[in-house]
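Working notes, structure below.
This is a predicted model, so every value here is computed, not measured. Heavy-atom basis, side chains included; hydrogens, waters and symmetry copies ignored. All chains are named by letter (A, B, ...) in the order of the sequence lines, taking the proteins before the strands, and each is independently numbered beginning at 1.
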Number of protein chains: 2
Amino acid sequence: MTSAGRLPPMPTLAYAILALLSRGPLTGMEMSHKLRDPIGLYWEARHSQIYPALSRLAYRGWITSPEPAAPGLRPRRRYEITVDGVAALRAWVGSPPSRRSHRDELLLRVYASWVCDRDVTVGLLRQAETRHRDRLQDYLARRASSHTSRELGPPGSATFADYATLRRGIGFERGRLAWVRWLIRSLETGA
Amino acid sequence: MTSAGRLPPMPTLAYAILALLSRGPLTGMEMSHKLRDPIGLYWEARHSQIYPALSRLAYRGWITSPEPAAPGLRPRRRYEITVDGVAALRAWVGSPPSRRSHRDELLLRVYASWVCDRDVTVGLLRQAETRHRDRLQDYLARRASSHTSRELGPPGSATFADYATLRRGIGFERGRLAWVRWLIRSLETGA
DNA sequence: ATCTCCATGTAACTCGTTACATGATTTT
DNA sequence: AAAATCATGTAACGAGTTACATGGAGAT
């Protein structure tokens, strides 16, 4: 620990960024793309949230970026994690889990769906089915490519962690899809 | 629609409250309890969020509450949904799904876990295993009691909607638990 | 009478999203 | 040169959490 004084705790997003940078340097825009859609990471954020977070991380000395050449050149800052950053990330992984509340809008809609026509509910579910089917296909494609191209590292490696989260994504989508299809069948047959 | 003029859209929490009230009148505190832990509804909120939302809902005429007797009596307002409220809820269920980003802190920790010792990761996962096992037990108990006590209404009924969300909860916890256990095994055996 | 809990409400602050702004790079 | 796009940033606002405040009900 190089910095002194009591600093306020960092938001979870900061650790999501550190987790990305622990795999190698990235620019803000690259992080933005990786945090856009549910890739293996399961933590979404917009660039408008990312850039201020990068400032705070740099201020703490958890990340650094060589100044982007001379003024006049296009500024494409590339950040990398510091040893303090890795230490902070390591400490956070083992820290007590925060009581983060989880919300699921589709579940809520299904819970409320008994007040509306069956057609509306089925339409809602068909939309959800498409979304989850597409996402599952995406995940399966990712897993296939990472299996064939290179070896899957041993447990404890970065590539294994990638695979573990991806595996959970596949399991989630499969379970969700099965449930949606069961519900559609139930509503249509009236059983 | 009785109200005129362009009013700002209501937050999802408002519809969660309407979904609860569509099943019968409740007080603020009762809603607070139902929105506390992940019961079949999957939408959490604190009382400090609920009471202002109730004011807004009443202002719109989507819920009503008979004034609580004379002043001097303990104020325990009981709210009930209006016909306009049911109509609003019905419209919301069929409305296009909002692009709500989903975040999963356990997944993020696993994604980052390769920077720390295996013991720490396994400890994190064991905690998660306990949490999910307890929750699964809770859900299974709920399902068992609702199965034996009264008949499970037909698809389209409120009791069926309750059961459908509960069923998804069970599926989610089972899938999550299987994944956590697979990950623990993998880390411990090093396979 | 006092104390504690219950029920409702308010305030302050952080997190997160949408929209706006700026300049540099590439395209037409 | 003008237009579209990329990359970074800022502003305004809404959503959500923690902490504080109020007053009645029941217990000792």
Side-chain angles (χ1 to χ4, degrees), chain A residues 7-17 25-38 42-59 63 65-79 97-105 108, chain B residues 7-17 25-38 41-59 63 65-79 96-105 108:
Chain A
L7 289 168
M10 294 292 271
T12 308
L13 171 62
Y15 298 100
I17 291 173
L26 292 171
T27 70
M29 187 53 52
E30 287 166 340
M31 298 180 214
S32 176
H33 287 309
K34 284 185 184 295
L35 292 173
R36 182 161 306 260
D37 255 325
Y42 285 96
W43 200 268
E44 298 183 23
R46 314 267 167 208
H47 76 273
S48 60
Q49 226 188 328
I50 292 169
Y51 288 110
L54 289 174
S55 298
R56 292 187 61 187
L57 283 166
Y59 178 77
I63 63 176
S65 78
E67 282 301 321
L73 272 190
R74 180 176 197 164
R76 264 168 48 97
R77 270 170 179 259
R78 181 166 292 272
Y79 293 89
S98 70
R99 281 270 165 256
R100 183 170 303 275
S101 63
H102 59 131
R103 302 184 172 89
D104 190 322
E105 194 167 310
L108 177 56
Chain B
L7 289 168
M10 294 290 272
T12 307
L13 171 62
Y15 299 100
I17 291 173
L26 292 171
T27 70
M29 186 52 53
E30 287 166 339
M31 298 179 215
S32 175
H33 286 308
K34 284 183 185 297
L35 293 173
R36 181 160 307 262
D37 255 325
L41 185 51
Y42 285 95
W43 201 268
E44 297 183 23
R46 313 266 169 211
H47 76 274
S48 60
Q49 226 187 330
I50 291 169
Y51 288 111
L54 289 174
S55 298
R56 291 187 63 187
L57 282 166
Y59 178 77
I63 62 176
S65 78
E67 283 300 321
L73 272 191
R74 179 176 197 164
R76 264 169 48 97
R77 269 168 181 262
R78 181 166 293 270
Y79 293 89
S98 70
R99 283 269 167 257
R100 182 170 303 275
S101 62
H102 59 131
R103 302 184 172 88
D104 191 322
E105 194 166 311
L108 177 56

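Side-chain atoms of A/Arg103 and B/Thr12 include no donor-acceptor pair closer than 3.5 Å.
Axis angle across the helix from C/dA1-D/dT28 to C/dT28-D/dA1, with five pairs used at each end and values rounded to 10°: 10°.
Between the CZ atom of A/Arg77 and the C1' atom of C/dA24 there is a distance of 16 Å, rounded to whole Å. In this structure, A/Ile17 places its CD1 atom 12 Å from P of D/dT8, rounding to the nearest Å. One can place NZ of B/Lys34 at 14 Å from P of C/dA7, the figure rounded to the nearest angstrom. At whole-Å resolution of the value, CG in A/Leu35 and C1' in C/dT17 are 15 Å apart. For the pair B/Glu105 CD and C/dC15 C1', the computed distance is 13 Å after rounding to whole Å. Counting to the nearest Å, the C1' atom of D/dG9 and the CG atom of A/Leu57 are 16 Å from each other. As a whole-Å value, the separation of B/His33 NE2 from C/dA7 P is 6 Å. Atom OH of B/Tyr51 and atom C1' of D/dT17 are 16 Å apart (whole Å).
Side-chain contact between A/Glu44 and A/Leu35 is absent, with no heavy atoms from C-beta onward closer than 4.5 Å. The closest side-chain heavy-atom distance from B/Asp104 to B/Leu108 is not below 4.5 Å. Contact of the B/Met31 side chain with the B/Leu54 side chain is registered, since non-hydrogen atoms from C-beta on lie closer than 4.5 Å. Put simply, the side chain of A/Lys34 does not reach to within 4.5 Å of the side chain of A/Trp43, judged on heavy atoms.
In this structure, the nucleotide among D/dG16, C/dT17, C/dG16 sitting nearest to the side chain of B/Trp43 is D/dG16. Taking the side chain of B/Met29 as heavy atoms from C-beta on, and the options C/dG16, D/dA15, C/dA7, the nearest nucleotide is C/dA7. Among C/dG16, C/dA19, C/dG9, the nucleotide with an atom closest to any side-chain atom of A/His47 is C/dA19. Considering only side-chain atoms of A/Arg46, the nucleotide from C/dC15, D/dA15, C/dT17 that sits closest is C/dT17.
The minimum heavy-atom distance between A/Pro9 and A/Arg56, with the atom names listed, is O-NH2, 4.0 Å.
Nearest-nucleotide assignment on DNA chain C puts the 5′-proximal partner with A/Met10, out of A/Met10 and A/Ser48. Of the two residues near DNA chain C, B/Arg99 and A/Pro11, the one whose nearest nucleotide lies more 5' is A/Pro11.
When heavy atoms are screened at a 4.0 angstrom cut-off, B/Arg103 is found touching the sugar-phosphate backbone but no base atom.
The OG atom of A/Ser65 sits 12.5 Å away from the CG atom of A/Leu26 when rounded to the nearest 0.5 Å.
Taking 4.0 angstrom as the limit, B/Gln49 places a side-chain polar atom (N or O) nearer than this to OP1 or OP2 of D/dT17. Contact annotation: B/Thr12 does not reach the phosphate of D/dA15 (side-chain N/O to OP1 or OP2, under 4.0 Å).
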